[in-house]
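As structure tokens, the structure follows; a few thoughts come after it.
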Amino acid sequence: MPFGDAHNQVKMKFSSEEEYPDLSKHNNHMSKVLTAALYERLRSKQTPSGFTLDDIIQTGVDNPGHPFIMTVGCVAGDEETYEVFKELLDPVIEDRHGGYKPSDKHKTDLTSSNLKGGDDLDPDYVLSSRVRTGRSVRGFCLPPHCSRGERRAVEKLSIEALASLSGDLNGKYYALKNMTDAEQQQLIDDHFLFDKPVSPLLLSSGMGRDWPDARGIWHNDNKTFLVWVNEEDHLRVISMQKGGNMKEVFNRFCTGLTKIETLFKERNHAFMWNEHLGYVLTCPSNLGTGLRAGVHVKLPNMSKNAKFEEVLKKLRLQKRGTGGVDTAAVGGVFDISNADRLGFSEVELVQMVVDGVKLLVEMEKKLEKGQSIDDIMPAQK
Amino acid sequence: KRSSITRRVSLTERLHLLLQCEYHSGTAGDVGLEIILWSFLSVGPRSPQSADYPDLRKHNNCMASSLTPAIYAKLCDKATPNGYTLDLAIQTGVDNPGHPFIKTVGMVAGDEESYEVFSDLLDPIIKERHNGYDPSTMKHPTDLDASKIHSGNFDPRYVLSSRVRTGRSIRGLSLPPACTRAERREVERVVVDALAGLHGDLDGKYYSLTQMTDGEQQQLIDDHFLFDKPVSPLLTCAGMARDWPDARGIWHNNEKTFLVWVNEEDHTRVISMEKGGNMKRVFERFCKGLLEVERLIQERGWEFMWNERLGYVLTCPSNLGTGLRAGVHVKLPLLSKDPRLSKILDNLRLQKRGTGGVDTAAVGGVFDISNLDRLGLSEVQLVQTVVDGVNYLIECEKRLEKGQDIKVPPPPLKQFK
């Protein structure tokens, strides 16, 4: 619940020790960093919009985590959260993003022509290609903290901006609360429709409030470019298509994103971005590029090979089931995507996926023929 | 200090807060300053009231019925001394539109003062929910003298079990939707300390949810005592499950006839129960336990939230007054098939539920029958109503067994009009 600073003052009547959460059974990034001493130093602070330490960590307190999966356990309520509470968030960011330091600078590169290759992934193995990211509109609070008025303003701006897209980006917006049954069914069939979050990780942070007010989906007529409004972030932008032409997917992604950014700027709204953290999003895990570029790829032999995990690690890739995060692979088909988000540019990350998937397919083909893959093992990226 | 409502903050105020914030965080650094200045300059103050008014067109709860744009505009800038706001109070009703047939309340209190600060909205809700009781003009009677109950020992061939429950809040500490971790732990400390002072047939033990052993947990499940983390969105949207299971627990006496839940939906829920039909004894134990706990907390300088207007103050407006639900599990197989049952229950001011509790269906003709009312009538009056009503229902069942006809009782006189 986004309580606000007046409520925070109530806590100051009690000692820090009395308020400090019990994190003894917890295993998330927040619980690793938030000592009692740090809690004491930060608990009186708030951002200008009134977001407090307890608002940030509530999701991590309510969801102790899993012994094997390390969740983040904290969220931002506005852009200033990352500044006011840097003593907590910098170590979380460093731990989550491979040692990224408070003094490091993040490079943004959305010039898709800088990508080498990527148009020739074997479609017998690579079934689909997809790139997603998020964007936040500067000046508005983020989903855990925004008021209904702010959320509606973000929706209104998004609708206006997206309505200006044309050509192969010509499309239509579907507000969740006004959708007809037929529209809803079509969006479900297209696998576009997002539902009210059920994950306690999201609900505990207040992101489900006022559902489905000011939430919606926009997609182009070709169904290859999709924008989610006010789900886990202000905007989630997705470019996707069947087959292995990641280059085309990334081209459309960059073109579309850049156009949207321009349209917002024309209306005097920038995206939240800075030199250090790149694009600012609700979850610290999505900072930097916020980019996940992935493919659905058939690797039945590779997935049974003892070296599969090692190869993925060296290539800086991660695997998921085709249902997305936390699902299992079905029929040897995996979702393979970049593991990093921050400290590498968009082009660099997509390049890693393109090169990495190419190699994985090559390995798969070798294993099919009963050959060894030892001679083409990659070096650590 | 200026108004602490951050949602409608003027430009000047934002500058104030920004400068404070920079001061607190030390040297903001170039990047930090850039962020702060950008956010300050790009978009003005947070939205005006009309832009924040919730969309309640698909809603069917008491809050949605009463929250006009005018009332919203009047109350949206207000806060209780603890900083609890209107938006927080109505969040559960905005998030849960309700059911066409079941009208939920749609609003909670974050503290005792919520009922004053937001009375423009809560009073009409209370009136609707509590059969016309007007908190602005009426007084609520409290009566915990169980000796006044007569005919309260039911035929055990029909009544399988008897139970009385209520809730109590500790004055001076915020309620579950708003309490801080320290406040919740304080509630636990105060209550557990008081319960440790109970003796005789009320001698018992506290089981903290965070420290329970597996063996203890299993026993509590087998006894049907254990409550779990709320899954109902009505509760979770109101923030009541925060920090679970910190400072939550269950106390019960050795005989397992008196039970207290700590920090679930209210500071405390108090339950007296036993197998069979001796409702009078159940209510006697209920009153004795409650009055004893009240005495024990008063010795330590605490008291329950109570006032003349609203009786005992609890989190949900539906539980104001007595917060009391007195009920039995009763076998009425023939009556359950009679189409007049609903009308009979209405006129007796009773409600039926399945034996799994609210929202469950009756199994094998066994119903949970309890009082409909909570506010405007005393504990003794409500329990007597249940006693009289259940006796009437048993009479009906007996008549139907003999092939005789039954009568629908006359409706009660209008209580609060």
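Below, chains carry the letters A, B, ... as their sequence lines are ordered, and counting in each starts from 1.
- For A241(B), the part sitting under 4.5 Å from any heavy atom of chain A is the backbone (N, CA, C, O) and nothing else.
- Within the model, atoms CD of E18(A) and CZ of R185(B) stand 9.0 Å from one another, a figure rounded to the nearest 0.5 Å.
- Between chain A and the residues D243(B), D246(B), V94(B), the most heavy-atom pairs under 4.5 angstrom are made by D243(B).
- Of all the heavy atoms in Q91(B) and R209(A), the pair that sits closest is NE2-CB, 3.5 Å.
- With a threshold of 4.5 angstrom between heavy atoms, R57(B) approaches chain A through side-chain atoms but not through N, CA, C or O.
- Closest approach of R181(B) to Y39(A), counting heavy atoms only: NH2-OH, 3.2 Å.
- There is no side-chain donor-acceptor pair under 3.5 Å between Q9(A) and N82(B).
- With a 4.5 angstrom heavy-atom cutoff, I90(B) touches chain A only via side-chain atoms.
- When the candidates R41(A), K11(A), R151(A), E19(A) are compared by the number of heavy-atom contacts under 4.5 Å with chain B, E19(A) comes out ahead.
- In summary, of the residues considered (D52(B), D87(B), D55(B)), a salt bridge (Lys or Arg N to Asp or Glu O under 4.0 Å) with R148(A) occurs for D87(B) alone.
- Proximity to chain B (any heavy atom under 4.5 Å) is restricted, for D54(A), to the side chain, taken from C-beta onward.
- The main-chain N or O of A51(B) is found under 3.5 Å from a side-chain atom of R152(A) such that the two form a donor-acceptor pair.
- Residue K196(A) touches chain B through its side chain alone, counting heavy-atom pairs closer than 4.5 Å.
- Note that CD of E183(B) and NZ of K13(A) are 6.0 Å apart. Values are rounded to the nearest 0.5 Å.
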Might you work through the side-chain contact (heavy atoms from CB on, under 4.5 Å) test for V10(A) and T180(B), ending with a clear yes or no?
CA-CA 8 Å; V10(A) 171; T180(B) 72; 4.3 Å; yes
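- When heavy atoms are compared at a cutoff of 4.5 Å, E17(A) approaches chain B solely by way of its backbone atoms N, CA, C and O.
- No more than 12 heavy atoms of other residues, nucleotides or ligands lie within 6.0 Å of NZ in K265(A), so this atom counts as exposed by the packing criterion.
- Heavy atoms closer than 4.5 Å to chain B are found nowhere in F85(A), neither backbone nor side chain.
- The two residues W211(A) and D95(B) come nearest to each other via the heavy atoms N-OD1, 4.1 Å.
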